[in-house]
Amino acid sequence: MSLKFYNSLTRQKEVFTPIHAPYVGMYVCGPTVSGESHLGHARPFITFDVLFRYLLNLGYQVRYVRNITDAGHFEEEGRVAEDKISSKATLEKLEPMELVHKYTRLYQWAMAQFNNLSPSIEPTATGHIVEQIEMIKTILADGFAYEVNGSVYFDVEKYHEVFSQKGQPYGILSGRILEDQLESTRALDNQDEKRNKSDFALWKKAPPEHIMRWQSPWGEGFPGWHIECSAMSSKYLGKEFDIHGGGMDLQFPHHECEIAQSTVCNHVMPARYWLHNNMITLNGKKMGKSYNNVIRLTELFSGNHPLLTQAYSPQTIRFFILQSHYRGTLDFSNEALQAAEKALKRLWEAYQWLMKKELTESTGLADENLNQSIRTLVAEMEEFMNDDLNTAKVLANLFELTSHINSVKDGHLPAGAIRLETFQLLQQQMKRFIEDIFGLQGENTATDGKLDGVLQLLIEIRKAAKSKKDFVTSDKIRQELAQLGVLLKDEKDGGVSYQFE
RNA sequence: GGUCAAGUGGCCGAGAGGCAAGGUAGGGGUCUGCAAAACCCUGGACGGCGGUUCGAAUCCGCCCUUGACUUCCA
């Protein structure tokens, strides 16, 4: 089966055909670095990291662009227009760029904790003011925007009129009907500079107190909230590129506006495939600033939050996210995270054992049903990924394989039951999906050689005690190590393994 | 109000006309000096009412409940 994605634009699954294979261009809306990232933010970045990894694994040459929004957005709707970043900076008595730098570093640290690959380019909004101004100039020149008092607004109604006839009405992505919105909102429009409520800002005049401001043909100001993504995606990926990703909450208005702006400038729908991940919920409610129910990533990693009964590692969270399909909501709870933690541990330990195991020769005792089962489970995994990235189903197969692996490990199945070529296929594909595509990694790293030597010594002493039936000594060693967070396990084959809690 | 989703065991979640994945928790067993881990067995779920169909968790209608978007948001 060929690779298929659910395209929000067409509301159906479509075969993925890159515009210029083997090259693939992918743009994902990144964070606004005016504050700390929370669990909800982790989802798109992990989801699209897995997509990035999968495309690379399939042999595509991918340019993955994920922006950093470090120029403030303004707010409206009765509230005082303000630049989010400079306003928070005033409260915290920080320079805007100091704040941006702090949260950018924290964000990038969190991405590394998750083992997300770095995007190919991570452009900043403030680094592309010139490109944004150029784009606004083009839109003005084409008559799809107007200037009022030093601000520039996109004329949504005119765009809709002209482009509806070309089959691309405003609302094509989100399914909104502009006429309905115009009717229901016109009365509220009085004091606004905008001709229509549905118009959106391309450039905003900066009030005197704003710190973040740039020179433009329309005076000092700052870019509107949607233009940066259009400017940066077209600069680095071209006028038309393959994949545009982001959270479902960005579908309207953000992505709708991107489409309108880019289409006016470049005369083409910017992206072929629009992918949207669903939200992470807390007690059924979207995790978000406005709901005051966020758990920040640093809190999650440390366990330092009233709703958390313990700390959860970045890999546990990554695994938790991959256990569901990206287009469904995913509900947070301690119980669910603890389930994920245990499951990941079991998967990872079986995988580690598998990779260390050396099988040299088939013994002729091969269990054909088992071999066939393993081959089928392995083959299905790619099918599941191709079906709109069904990571949940891939994991289900990985767990069935885990049971087979552990059966061999514990001697419930003879080592020869798995044929050499099946075994090698298993090793190769487990590595491919667990590490290369899912990006999972071990967490008990950093054991240096000295520590291992010390532990091996203790294991030897304990083994000697056990063979003399001196269980007082052997249990003392095991218990005290356990208190230090080192867990000893007596394996079936007489060996002893350890792991850090 | 408008638009769009979703409701599956205790919990988290796949599935989208034909035996209801997987994880975790529960019960029983095997192994073990004891543990831990692992393996095996096992109970337990499709919001409600109608309809279409040989057959519905899946399609249609109505209802109930929850959520998202509605120009800040991953």
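Chain letters run A, B, ... following the sequence lines, proteins first, then strands; residues in each count from 1.
When distances are taken from the side chain of A/Arg346 to each of B/U71, B/U24, B/G33, the shortest belongs to B/U24. Of the listed nucleotides (B/C39, B/U24, B/G33), B/G33 has the atom at the smallest distance from the side chain of A/Arg478. Minimum atom distance to the side chain of A/Pro44 is reached by B/A74, of the listed B/C39, B/G13, B/A74.
When the C1' atom is compared between B/U3 and B/A21, the two are found 33 Å apart, to the nearest whole Å. Separation of the C1' atoms belonging to B/C46 and B/U30 is 34 Å when rounded to the nearest angstrom.
Counting any heavy atom pair closer than 4.0 Å across all strands shown, A/His41 reaches a base atom. Within the nucleic acid shown, A/Ser37 has no heavy atom closer than 4.0 Å to any nucleic acid atom. Residue contacts for A/Thr47: at a heavy-atom cut-off of 4.0 Å it reaches no nucleic acid atom on any strand shown. When heavy atoms are screened at a 4.0 angstrom cut-off, A/Ala396 is found touching base atoms of the nucleic acid. Counting non-hydrogen atoms under 4.0 angstrom, A/Asp331 reaches the backbone sugars and phosphates but no base. The residue A/Tyr291 sits close only to the backbone: its heavy atoms come under 4.0 Å of sugar-phosphate atoms, none of a base. Counting any heavy atom pair closer than 4.0 Å across all strands shown, A/Gly40 reaches a base atom. Within 4.0 Å (heavy atoms only), A/Glu400 reaches sugar-phosphate atoms of the nucleic acid but no base atom. Contact annotation for A/Leu330: backbone-only contact, meaning every heavy-atom pair under 4.0 Å involves sugar-phosphate atoms and none involves a base.
For B/C62, the paired base is B/G48 (Watson-Crick or G-U wobble, both distances below 3.5 Å). With a cut-off of 3.5 Å on both Watson-Crick or G-U wobble distances, the partner of B/A56 is given as none. Nucleotide B/C4 forms a pair with B/G67, judged by Watson-Crick or G-U wobble geometry with both contacts under 3.5 Å. With both pairing distances under 3.5 Å, B/A74 is matched to nothing as a Watson-Crick or G-U wobble pair. Under the Watson-Crick or G-U wobble criterion, with both distances below 3.5 Å, B/C39 is paired with B/G29.
Contact between the side-chain N/O atoms of A/Lys409 and the OP1/OP2 oxygens of B/C39 is not found at any separation under 4.0 Å.
For A/His38 and A/Lys286, each mapped to the nucleotide of RNA chain B holding its nearest heavy atom, the one lying further toward the 5' end belongs to A/Lys286. Two residues, A/Thr402 and A/Lys393, neighbour RNA chain B, and the one matched to the more 5' nucleotide by heavy-atom proximity is A/Lys393.
Between the side chain of A/Glu335 and the base of B/G10, at least one donor-acceptor pair of N or O atoms lies under 3.5 Å. Below the 3.5 angstrom threshold, one finds no donor paired with an acceptor across the side chain of A/Asp410 and the base of B/C40.
Using cut-offs of 30° and 60° on the angle between ring planes, the pair A/His244 and A/Trp274 is parallel.
Side-chain atoms of A/Glu193 and A/Tyr153 include a donor-acceptor pair closer than 3.5 Å.
No aromatic stack links A/Phe399 and the base of B/G23, using centre distance under 5.5 Å and interplanar angle under 30°.
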